[in-house]
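Before I ask anything, let me first share the structure, which is written out below as structure tokens.
In the text below, chain A, chain B and the rest are named by the order of the sequence lines, each starting its count at 1.
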Amino acid sequence: MKKLRTVKGMNDILPPESARWHRLERAFRTTMRRHGFGEARPPIVEPTALFVRSIGEATDIVEKEMYTFTDRGEKSLTLRPEGTASCARAYLQHNVQAIEPVTKWFYVGPMYRRERPAKGRYRQFYQAGAELYGDPGPYVDAEMIDMIVSFLRELGVEDVEVMVNSLGSGETRARFREALVAYLEPFADQLSADSQRRLHVNPLRVLDSKAPQDQEIAEGAPNILEYLGDEDREHFDEVRATLTALGTPFVVSPRLVRGLDYYTRTLFEIRGRGGELGAQNALCGGGRYDGMIEELGGKKTPAIGFAMGLERLLLAMPEEEDAGRVDVFVIARSPSLRREVVSVCRDLRASGLSVDADLRGGSLKSQMRRANKNAPLAIIVGEDEVERGVLQIKNLSDSSQHEATRAGAPALIRELLG
RNA sequence: GUGGGUGUAGCUCAGUGGUAGAGCACUGGAUUGUGGCUCCGGACGUCGCGGGUUCAAUUCCCGUCAUUCACCCCA
């Protein structure tokens with residue numbers, strides 16, 4: 001029989017690796033709570049039109065990466081390729097702008113894009129992100145970037161580069177686009193095949209092409225920051241000044257352009273420089289999308305958001321010591337004491353400790369070995385102890401042994417765990 | 001999607017045209033109430049899968065799948 005396996009580009013996350021995921025997600029939720037963001041949990045499947053309208057028809061995601069299928073009711077559905085569109089849909093659907101002026105949501109979950117898998121790039125991948133509706137910035141823009149950098153630092157990811165840019169608002173973008181196409185057209189036959197195709201579909205994307213010939217041409221291209229209108233310029237200046245005041249390092253990258261069409265004004269990307277990351281080093285991307293809510297049929301509502309790739313974050317995070325699966329491992333001196341061991345475990349767990357035991361009836365030695373691997377403390381249950389109603393608690397790191405009554409054990413264990 | 005590399009034990013990897021090895025991990029013991037270190041023993045592989053060449057293929061060839069690197073894209 002053919003072996004069943006995961007779909008290409010989709011991975012099982014199992015213990016002990018899943019423990020690192022939990023730590024990461026817990027840290028993210030803590031940060032979000034501190035900043036007043038509440039969790040939004042939209043469905044993974046959405047109407048295809050949502051993504052086409054918000055992300056943009058000419059983007060790679062919509063053109064060739066979505067998992068789109070027709071369900072039995074003949075509706076076109078799509079596995080979400082990102083989180084911003086779903087949040088915007090929910091924000092509109094539940095008329096949230098009518099109940100509060102400013103809304104702060106975060107989300108964590110899997111996203112789906114049918115790309116060629118590589119290290120740090122999978123077809124099902126996890127993102128943690130946030131959206132903030134109703135505040136035009138620039139202060140929340142800077143605050144969001146600073147929040148992400150602080151979060152990364154807490155995870156031990158310090159070696160990062162924060163790139164910021166402004167795409168201006170609608171009119172700015174249109175004027176710049178015109179100037180850019182005018183500049184690029186004479187070079188059309190020198191551009192890479194990809195960029196030639198993009199020249200009219202999505203010319204901004206030519207700017208961050210990695211092809212050497214494109215980069216050379218992009219060097220001389222007009223600078224979007226010089227096309228910003230007065231209000232856009234003031235907005236961007238204040239984002240930068242606030243970041244500077246916060247002491248958050250960043251570089252202005254006028255050629256930073258992201259692959260989703262909905263961005264306006266503030267745009268940012270955070271790249272890691274850790275060796276594990278390889279070419280997929282974009283840890284976080286985000287920006288302002290003041291036009292999206294209106295385009296989806298709502299009232300004009302400014303918004304800004306970001307998303308981080310959790311697989312990449314995990315690659316960038318430093319290795320951490322394995323602290324052991326449980327607090328205490330309980331050992332039976334002889335197989336006939338296993339019933340007693342189960343009882344001891346039950347009582348310790350009731351006090352809130354995490355406890356495990358090897359109940360297969362193996363030798364004391366083999367149980368000790370497992371204890372050593374799985375917990376900092378071991379409890380040895382022998383005939384003598386049962387008779388006297390006590391427990392022997394052994395600290396496996398310094399070999400010291402302590403005696404406690406069954407009732408007094410949890411307190412002593414907590415003390416030993418520090 | 002394009003081009004290249006790599007698939008041998010759970011992991012990291014040697015190796016050979018005559019059907020396989022190391023280290024780590026796992027496991028039993030040395031030690032009749034105690035783990036880690038050391039020593040002795042044990043289990044573990046359809047050599048990714050399919051086809052071809054050959055008396056014989058894990059080894060050579062082709063295909064395929066997986067993975068990885070670059071491009072691409074992006075988180």
Side-chain angles (χ1 to χ4, degrees), chain A residues 1-3 5-11 14 55 59-65 80-84 108-129 148 192-195 197-198 202 205 208-215 256-260 268-272 277-287 305-316 324 329 331-334 337 358 360 362-386 392-401:
Chain A
M1 192 176 17
K2 189 143 195 254
K3 263 189 206 152
R5 47 162 304 130
T6 51
V7 170
K8 186 188 184 82
M10 306 203 180
N11 303 303
L14 304 172
I55 297 172
T59 58
D60 282 15
I61 292 176
V62 170
E63 269 180 1
K64 50 195 188 198
E65 296 175 0
R80 63 180 184 193
E82 54 108 53
T84 298
V108 183
M111 305 295 164
Y112 302 84
R113 293 183 200 172
R114 200 181 178 289
E115 298 178 89
R116 179 135 166 188
K119 188 201 246 177
R121 178 171 76 184
Y122 305 102
R123 291 180 171 187
Q124 173 178 292
F125 63 102
Y126 287 76
Q127 283 190 337
I148 299 162
S192 68
D194 281 318
S195 287
R197 187 176 52 79
R198 286 190 290 238
N202 203 340
R205 300 286 307 288
D208 66 349
S209 167
K210 275 184 214 157
Q213 70 268 37
D214 293 355
Q215 287 193 339
L256 173 66
V257 169
R258 318 207 68 261
L260 294 82
F268 59 92
E269 182 167 311
I270 300 177
R271 293 189 187 156
L277 277 173
Q280 315 302 327
N281 65 349
L283 294 174
C284 172
F306 72 91
M308 296 186 291
L310 300 192
E311 286 86 352
R312 293 181 189 181
L313 226 42
L314 254 4
L315 286 173
F329 205 88
I331 287 167
R333 177 65 203 102
S334 71
L337 291 165
D358 187 339
R360 296 171 304 172
S363 67
L364 178 60
K365 182 195 187 75
S366 68
Q367 291 182 71
M368 282 298 288
R369 275 209 260 247
R370 276 196 69 190
N372 194 47
K373 211 160 294 168
N374 291 301
L377 300 178
I379 287 180
I380 297 150
V381 176
E383 289 81 0
D384 179 49
E385 285 82 7
V386 173
Q392 290 291 339
I393 301 163
K394 178 159 186 159
N395 185 336
L396 293 168
S397 53
D398 65 9
S399 296
S400 63
Q401 203 151 321

Check whether any side-chain heavy atom of A/Tyr112 sits under 4.5 Å from a side-chain heavy atom of A/Arg114, and report yes or no. no

Taking the same atom, C1', in B/rA22 and in B/rA14, what whole-Å distance lies between them? 7 Å

Rounding to an integer number of Å, can you tell me how far A/Met368 CE sits from B/rG36 P? 8 Å

Pairing nucleotide - B/rU6, Watson-Crick or G-U, each distance under 3.5 Å: B/rA66

Please report the interatomic distance CG(A/Asn374) to CG(A/Leu396), rounded to the nearest 0.5 Å. 10.5 Å

Give one of base, sugar-phosphate or nothing for A/Ser363, where a contact means two heavy atoms less than 4.0 Å apart. sugar-phosphate

Base partner of B/rC74, which must satisfy Watson-Crick or wobble distances under 3.5 Å: none

If the test is side-chain contact (heavy atoms from CB on, under 4.5 Å), which one of A/Arg271, A/Gln280, A/Lys119 qualifies with A/Arg312? A/Gln280

Counter-base of B/rC37, judged by Watson-Crick or G-U geometry with both distances under 3.5 Å: none

Does A/Arg116 have a side-chain nitrogen or oxygen under 4.0 Å from the phosphate oxygens OP1 or OP2 of B/rG1? no

Looking across every strand, which nucleic acid part, if any, lies under 4.0 Å from A/Ala371 by heavy atom: base, sugar-phosphate, or nothing? nothing

Any idea which of B/rU32, B/rC74, B/rG35 is nearest the A/Arg369 side chain? B/rG35

If we take the C1' atom in both B/rU19 and B/rU12, what is their distance in whole Å? 24 Å

Whole angstrom value for the distance that separates C1' of B/rU34 from CD of A/Gln392: 10 Å

Using both distances under 3.5 Å as the test, list the Watson-Crick or G-U wobble partner of B/rG42, or none. B/rC26

Which atom pair, heavy atoms only, marks the closest approach of A/Pro110 to A/Tyr126? N-CD2, 3.6 Å

So what does A/Gly129 hit on the nucleic acid, given a heavy-atom distance under 4.0 Å: a base, only sugar-phosphate, or nothing? nothing

Note, A/Arg123 side chain near A/Val7 side chain (heavy atom, < 4.5 Å): no

Applying a 4.0 Å non-hydrogen cut-off, can you work out what A/Arg370 is touching in the nucleic acid: base, sugar-phosphate, or nothing? nothing

Euclidean distance, atom CG of residue A/Leu310 to atom C1' of B/rC74 [Å, nearest integer]: 14 Å

Compare side-chain N and O positions of A/Lys8 against OP1 and OP2 of B/rA66 and report whether any pair is under 4.0 Å apart. yes

Of A/Asp398 and A/Ala118, the one whose closest nucleotide on RNA chain B sits nearer the 5' end is A/Asp398

P atom, B/rC74 versus B/rC24: distance in rounded Å? 47 Å

Between B/rG51 and B/rG4, how far is it from one P atom to the other, in whole Å? 26 Å

On the side chain of A/Arg312, is there an atom forming a donor-acceptor pair with the base of B/rC74 - under 3.5 Å, no angle test? yes

Just to be sure I understand the rule, does A/Glu63 reach a base, reach only the sugar-phosphate, or reach nothing, if contact means heavy atoms closer than 4.0 Å? nothing

Distance, rounded to the nearest Å, where A/Leu364 contributes CG and B/rG36 contributes P: 11 Å

Rounding to a whole Å, what distance do you find between A/Asn374:CG and B/rG36:P? 14 Å

Check: B/rU68 base within 3.5 Å donor-acceptor of A/Lys119 side chain: no

I'd like to know if A/Ser399 reaches the base of B/rG36 with its side chain such that a donor and an acceptor end up less than 3.5 angstrom apart. yes

Rounded distance in Å between the P positions of B/rG10 and B/rC47: 12 Å

In terms of heavy-atom contacts, A/Met308 and A/Ile148 come closest through SD-CG2, 4.1 Å

Counting only N and O atoms by type, is there a donor-acceptor contact under 3.5 Å from the side chain of A/Arg333 to the main-chain atoms of A/Ile380? no

Closest to the A/Asn372 side chain: B/rG35, B/rC74, B/rG28? B/rG35

Is there a donor and acceptor pair, one atom on the side chain of A/Gln401 and one on the base of B/rG33, closer than 3.5 Å? no

Watson-Crick or G-U wobble partner of B/rU58, both distances under 3.5 Å: none

Applying a 4.0 Å non-hydrogen cut-off, can you work out what A/Tyr122 is touching in the nucleic acid: base, sugar-phosphate, or nothing? base

Which sits closer to the 5' end of RNA chain B, A/Cys284 or A/Leu396, going by the nucleotide each is nearest to? A/Leu396

Using the P atom on both, measure B/rU58 against B/rG7 and round to a whole Å. 16 Å

Distance, C1' atom - from B/rG29 to B/rC55, rounded to whole angstrom: 47 Å

Can you tell me how far C1' in B/rA20 sits from the matching atom in B/rU8, rounded to whole Å? 8 Å

Partner residues of A/Gln401 under the side chain to side chain donor-acceptor pair (under 3.5 Å) criterion, sequence neighbours left out: A/Gln392

Whole-Å distance separating the CE atom of A/Met10 from the P atom of B/rA75: 18 Å

Distance in angstrom units between A/Asn281 CG and B/rC69 P, rounded: 12 Å

Taken to the nearest whole Å, CD/A/Glu65 to C1'/B/rA75 is 11 Å

Polar pair under 3.5 Å, donor/acceptor by atom type, side chain A/Gln367, base B/rU34: no

Compare the minimum distances between each of B/rU67, B/rG33, B/rA75 and the side chain of A/Arg5, then state the nucleotide with the smallest one. B/rU67

